[in-house]
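Here's the structure, in structure tokens; my notes come after.
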Amino acid sequence: MDSSGNSLPSAPDAVKRKVCYFYDPEVGNYYYGQGHPMKPHRIRMTHALLAHYGLLQHMQVHKPFPARDRDLCRFHADDYVAFLRSITPETQQDHLRQLKRFNVGEDCPVFDGLYSFCQTYAGGSVGGAVKLNHDQCDIAVNWAGGLHHAKKCEASGFCYVNDIVLAILELLKQHERVLYVDIDIHHGDGVEEAFYTTDRVMTVSFHKFGDYFPGTGDVRDIGYGKGKYYSLNVPLDDGIDDESYHFLFKPIIGKVMEVFRPGAVVLQCGADSLSGDRLGCFNLSIRGHAECVKYMRSFNVPLLLLGGGGYTIRNVARCWCYETGVALGIEVDDKMPEHEYYEYFGPDYTLHVAPSNMENKNSRHLLEEIQSKLLENLSKLQHAPSVQFQERPPDSDLGEADEDHDNGDETWDPDSDMDVDVERGLVPSKVKKEIVEPLLNDLDDQRRSGDHLRGSDTAVAETCMKALDISSQKADEDNVKVEHNTVNDLTKERGQKC
């Protein structure tokens with residue numbers, strides 16, 4: 001096990017990194033339903049930009065191996081996974097009690113191919129973690145992942161399976177400490193909840209706080225037990241711009257890297273924090289958003305980049321294309337090349353869009369108070385907590401199953417079936433393909449609700465310890481020696497549904 005933490009020297013931005021990129025051509029075919037703001041089609045649009053900007057040839061391109069039931073059950077409850085596997089639009093009316101129990105049906109609808117969709121995006125994130133663990137790349141990218149709201153036994157906020165937690169659990173097999181950073185506009189509640197009582201994972205979330213989904217992420221929510229001060233929340237108000245955002249992001253993350261010294265970093269790059277997002281209220285430019293990626297890259301620590309929110313899909317594609325270039329150390333042109341989705345980006349047909357003139361409600365005084373409080377919390381941590389020596393559990397075999405797309409050092413082949421917009425057979429025959437983005441007012445934001453989780457004494461989430469305490473895993477891992485951590489199994493005030 002790596003005990004050195006951030007042992008690699010910082011490197012200049014121009015230094016190239018070896019990047020693995022995970023993409024399944026069928027991911028863009030999944031369809032949440034008419035008027036729903038979450039559109040997997042944005043992943044296909046991003047891929048098209050990467051292809052036509054010539055970025056694919058600079059990366060290893062892998063088709064993710066679908067996550068299996070037992071992979072998902074490393075975090076999620078068995079009965080919840082079984083429900084996701086079996087439920088269909090045709091049978092959902094026969095399972096109303098389970099739909100309510102697992103919070104599926106409204107924000108998280110049942111749609112054709114739901115389970116295959118979960119297997120695909122989770123497989124990409126865990127596959128990226130495996131590649132990082134084996135030193136087969138410096139940065140792994142899965143823009144289909146980053147669904148940070150999913151809980152152990154319930155869907156939430158358009159998220160069904162928490163691929164981030166699964167990827168972190170994989171990284172913990174190789175690294176003593178893993179840092180999770182979330183720049184989505186919504187609080188990364190599902191990931192924070194999973195690791196709230198451990199000091200092996202630090203979670204840092206920058207998010208809109210107040211009357212806004214999911215209603216959690218107060219600056220006073222800091223972790224519990226061994227995890228006290230290992231959860232950092234940065235609550236922000238409407239209209240935050242690049243300068244204000246970086247005023248908090250860089251000093252806080254810089255101190256986190258110094259004190260926590262993670263062996264690997266997971267960065268959730270939710271694009272709903274961009275200016276002009278359909279559900280968002282921040283005012284970040286694409287360059288400002290990408291500056292966070294650039295800053296994390298500069299520490300030269302194994303880095304997993306994931307997607308997340310983002311509901312003005314033309315801007316999501318712009319953002320994640322540009323950030324892929326940042327990961328590679330390649331500055332891409334603002335003038336967009338013609339491609340199959342070119343009409344989405346008119347009338348300017350450029351990669352970057354100007355922020356709006358909306359009011360920034362984050363005063364300098366407020367920002368200084370938040371920065372001071374969080375730096376004070378970080379000063380209370382012991383530097384780089386150690387972990388008792390343990391034999392490492394077996395690696396997942398995700399990402400090693402498809403020889404056509406997983407060829408070691410080979411880069412993308414333009415003649416392969418990983419083409420930009422593959423129209424071969426859809427995973428479930430009834431999956432609908434969505435091409436046109438609905439008008440911005442198709443659906444009111446139904447996500448700005450939720451009980452306010454506040455205070456570590458009364459609202460400590462259940463922690464998934466199936467990797468930190470791997471004694472509960474399957475028979476093929478029975479001989480693994482592990483340390484046993486005590487889990488503080490407290491629940492939210494609203495009560496766990498599982």
Side-chain angles (χ1 to χ4, degrees), residues 19-31 38-66 113 116-117 120-125 127-128 137 139-147 163 269-271 286 290 293 304-328 330 332-333 336-345 349 351 399 402 404-407 410-427 431 433-437:
V19 178
C20 288
Y21 167 73
F22 287 81
Y23 175 71
D24 188 321
E26 289 157 347
V27 73
N29 295 326
Y30 297 103
Y31 181 53
M38 175 61 97
K39 303 183 185 306
H41 181 60
R42 66 204 178 130
I43 310 301
R44 173 175 283 153
M45 292 173 61
T46 301
H47 185 77
L49 283 178
L50 296 178
H52 288 273
Y53 268 109
L55 295 179
L56 294 180
Q57 61 189 310
H58 298 284
M59 302 185 286
Q60 296 179 27
V61 177
H62 303 287
K63 181 179 178 180
F65 185 78
S116 296
F117 175 62
T120 297
Y121 76 74
S125 297
C137 62
I139 301 174
V141 180
N142 177 33
W143 294 128
L147 276 68
D163 61 290
C269 303
I286 289 173
V293 178
L304 177 60
L305 297 180
L306 302 175
Y311 307 102
T312 301
I313 61 175
R314 58 187 179 275
N315 291 345
V316 176
R318 285 173 160 123
C319 180
W320 291 345
C321 172
Y322 185 74
E323 289 177 346
T324 304
V326 169
L328 289 164
I330 297 172
V332 294
D333 292 337
M336 190 172 289
E338 290 193 23
H339 62 290
E340 55 269 47
Y341 303 116
Y342 191 64
E343 68 277 7
Y344 277 73
F345 302 97
Y349 305 102
L351 196 63
D402 192 331
D404 291 335
H405 303 296
D406 201 358
N407 300 323
E410 293 185 16
T411 55
W412 176 66
D413 178 3
D415 297 322
S416 77
D417 61 352
M418 283 294 292
D419 206 349
V420 176
D421 193 21
V422 178
E423 298 295 345
R424 56 189 172 85
L426 310 181
V427 179
V431 171
K433 177 181 174 186
E434 181 185 30
I435 295 298
V436 180
E437 181 180 9

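The residues of the chain are indexed from 1 along the displayed sequence.
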Inset, instruction - Evaluate the criterion side-chain contact (heavy atoms from CB on, under 4.5 Å) for residue pair Glu323 and Trp143; output intermediate values, then yes/no. - result: CA-CA 10 Å; Glu323 289 177 346; Trp143 294 128; 4.0 Å; yes
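- No side-chain heavy atom of Pro64 sits less than 4.5 Å from a side-chain heavy atom of Asn142.
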Inset, instruction - Could you walk me through whether Gln60 and Val19 pass the side-chain contact (heavy atoms from CB on, under 4.5 Å) test, one step at a time? - result: CA-CA 6 Å; Gln60 296 179 27; Val19 178; over 6 Å; no
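- Residues His62 and Cys20 meet the side-chain proximity criterion, which asks for heavy atoms closer than 4.5 Å.
- Between His58 and Tyr53, the gap from one ring centroid to the other reaches at least 6.0 Å.
- In this structure, Leu50 and Cys321 approach most closely via the heavy-atom pair CD2-CA, 3.7 Å.
- Residues passing the side-chain contact (heavy atoms from CB on, under 4.5 Å) test with Val316, sequence neighbours excluded: Arg42, Ala271, Trp320.
- Considering only heavy atoms from C-beta on, Tyr30 comes within 4.5 Å of Ser116 through its side chain.
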Legend entry - Pair Tyr341-Arg44, side-chain contact (heavy atoms from CB on, under 4.5 Å): steps then yes or no: CA-CA 10 Å; Tyr341 303 116; Arg44 173 175 283 153; 2.8 Å; yes
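- Nearest heavy atoms, Val293 versus Cys269: CG2-SG, 3.9 Å.
- When each of Val27, Asp24, Asn29 is checked for a side chain to side chain contact (heavy atoms under 4.5 Å, CB included) with Phe117, only Val27 meets the rule.
- Shown here for Ala48 and His339, the closest heavy-atom pair between the two residues is CB-CD2, 4.0 Å.
- Atom CE of residue Met38 and atom CD1 of residue Ile313 lie 11.5 Å apart, to the nearest 0.5 angstrom.
- Atom CG in Leu56 sits 10.5 Å away from atom CG in Leu49 (nearest 0.5 Å).
- If you check the side chains of His47 and Tyr21, you find a donor sitting under 3.5 Å from an acceptor.
- What you find for Met45 and Phe345 is that their closest heavy atoms are CE-CZ, 3.9 Å.
- Between Ala327 and Leu305, the shortest heavy-atom distance links the atoms CB-CD1, 3.9 Å.
- Rounded to the nearest 0.5 angstrom, Arg314 CZ and Glu343 CD are separated by 12.0 Å.
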Legend entry - side-chain contact (heavy atoms from CB on, under 4.5 Å) between Thr120 and Glu26, intermediate numbers included: CA-CA 9 Å; Thr120 297; Glu26 289 157 347; over 6 Å; no
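- The nearest pair of heavy atoms linking Gly145 to Leu306 is C-CB, 4.2 Å.
- Side-chain contact check for Glu340 versus His52: some heavy-atom pair is nearer than 4.5 Å.
- In this structure, Ile286 and Leu351 have side chains that are not in contact, with every pair of non-hydrogen atoms separated by 4.5 Å or more.
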